[in-house]
Amino acid sequence: MTSHYIRMCIITRREKLSVLQDALLELGVDGMTVAEVEGSGQQNGQIIYEDEDGNQNIMLIPKVRVTLILTSIGAETILEKILPILRTGKVGDGKIFIQYIEGQIITARTGYEYVAEKLPESKGGIFMEPAKKPMTKISIITRREKFEELRKELLSIGITGMTILNVNGCGVQKGLTRIIEGVTKRLLLAPKIQIDIVVCAVPVQTVIDTVLKVVQTGNIGDGKIFTCPIDHVVRVRTGETDAEAL
């Protein structure tokens, strides 16, 4: 049996995590996934610093990503609670992404399926109507050493906002074989980087072509690109939504 859910992904300042968790718990949201990430927004999210040799380096802004699957609480109820506590009025407050999804939730401990209650009807806010322009999330999983070159190429086609995660994984090769101190060892999970971006004005195929130009070597381990629709976006600092928030 499939049910309808809302996936809400909140990306904000790391120092806001504690108050955000408290607010969600007060609303009865007790399930969440938290990950430390880095990223950039409309301002390119870059901290430029010089090392001892005078070379300029760029760092991405540290953030936290909190992901919720809403089963009985409406997105607008969540937003009313968390936007005031996340908003500082300064660049870097973060963004919130909304996806309407259909599927199943299985409790691993018992194997039972969780069936969602009917989500509350919209109160006439930003989620009453679909976004005017389609938005797409693109997740790129590839070699870590490709990141800097890829970041520059994405900037060249107008992509400024991105979220970065260091991840480990395997594909058809089922890991890597490495010689460590003369001993052959099998590494089941290879280190990768995941780059998440959401586009509206920039065509999806343009992004895919740009990524392939950089990361495609023809060798096993080049990675994968995943795409999926995004229904709504909210910029925390200004309250702008959808295309205007990207």
Asks: Could you check whether any side-chain N or O of Asp93 sits under 3.5 Å from a backbone N or O of Thr88, counting only pairs where one atom can act as donor and the other as acceptor?
Replies: yes

Asks: I'd like to know if the side chain of Gln99 reaches the main chain of Pro229, judged simply by a donor and an acceptor atom lying under 3.5 Å from each other, with no hydrogens or angles considered.
Replies: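 Indeed, once roles are kept as given, a pair shorter than 3.5 Å links the two residues.
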
Asks: Might you point out which heavy atoms bring Ile82 and Ile10 nearest each other, and give the distance in Å?
Replies: CD1-CD1, 3.7 Å

Asks: Just jot down the salt bridge (Lys or Arg N to Asp or Glu O under 4.0 Å) partners of Arg144, sequence neighbours excluded, or say none.
Replies: none

Asks: Within the side chain of Lys95, is there an N or O that forms a donor-acceptor pair under 3.5 Å with the backbone of Val233?
Replies: no

Asks: Taking Arg87 for its side chain and Arg237 for its backbone only, find out whether a donor-acceptor pair lies under 3.5 Å.
Replies: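 Between the backbone of Arg237 and the side chain of Arg87 there is a qualifying donor-acceptor contact (under 3.5 Å).
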
Asks: Taking all non-hydrogen atoms of both residues into account, name the closest pair between Cys9 and Thr67 and its distance.
Replies: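 Distance-wise, the nearest heavy atoms are SG-OG1, 4.1 Å.
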
Asks: Report the C-alpha distance between His232 and Asp242 in whole Å, list the side-chain angles of each, state the deciding distance to 0.1 Å, and finish with yes or no for side-chain contact (heavy atoms from CB on, under 4.5 Å).
Replies: CA-CA 5 Å; His232 293 288; Asp242 299 337; 3.2 Å; yes

Asks: Are the side chain of Lys133 and the backbone of Ala201 linked by a donor-acceptor contact shorter than 3.5 Å?
Replies: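 No; judged by distance alone, with no hydrogens or angles, the pair does not exist.
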
Asks: Roughly how far, to the nearest 0.5 Å, is the CD1 atom of Ile61 from the OG1 atom of Thr163?
Replies: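 Here the interatomic distance stands at 12.0 Å.
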
Asks: Using a 3.5 Å distance criterion without hydrogens, assess whether the side chain of Asp231 forms a donor-acceptor pair with backbone atoms of Tyr100.
Replies: yes

Asks: My understanding is that only residues two or more places apart in sequence, or in another chain, count here; which of them pass salt bridge (Lys or Arg N to Asp or Glu O under 4.0 Å) with Glu149?
Replies: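 Glu149 satisfies salt bridge (Lys or Arg N to Asp or Glu O under 4.0 Å) with no residue once adjacent residues are dropped.
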
Asks: Are the side chain of Asp222 and the backbone of Gln216 linked by a donor-acceptor contact shorter than 3.5 Å?
Replies: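 Here the side-chain-to-backbone pair does not exist.
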
Asks: My understanding is that only one of Leu24, Val234, Leu68 makes a side chain to side chain contact (heavy atoms under 4.5 Å, CB included) with Met8; could you say which?
Replies: Leu68

Asks: Can you tell me how far the CD1 atom of Ile193 sits from the CG atom of Asn166, to the nearest 0.5 Å?
Replies: 5.5 Å

Asks: Keeping the roles fixed (side chain from Ser40, backbone from Thr160), state whether a donor-acceptor pair exists under 3.5 Å.
Replies: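 Checked: pair present.
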
Asks: Can a donor-acceptor pair be found, under 3.5 Å and without considering hydrogens, that links the side chain of Lys63 to the backbone of Gly92?
Replies: yes

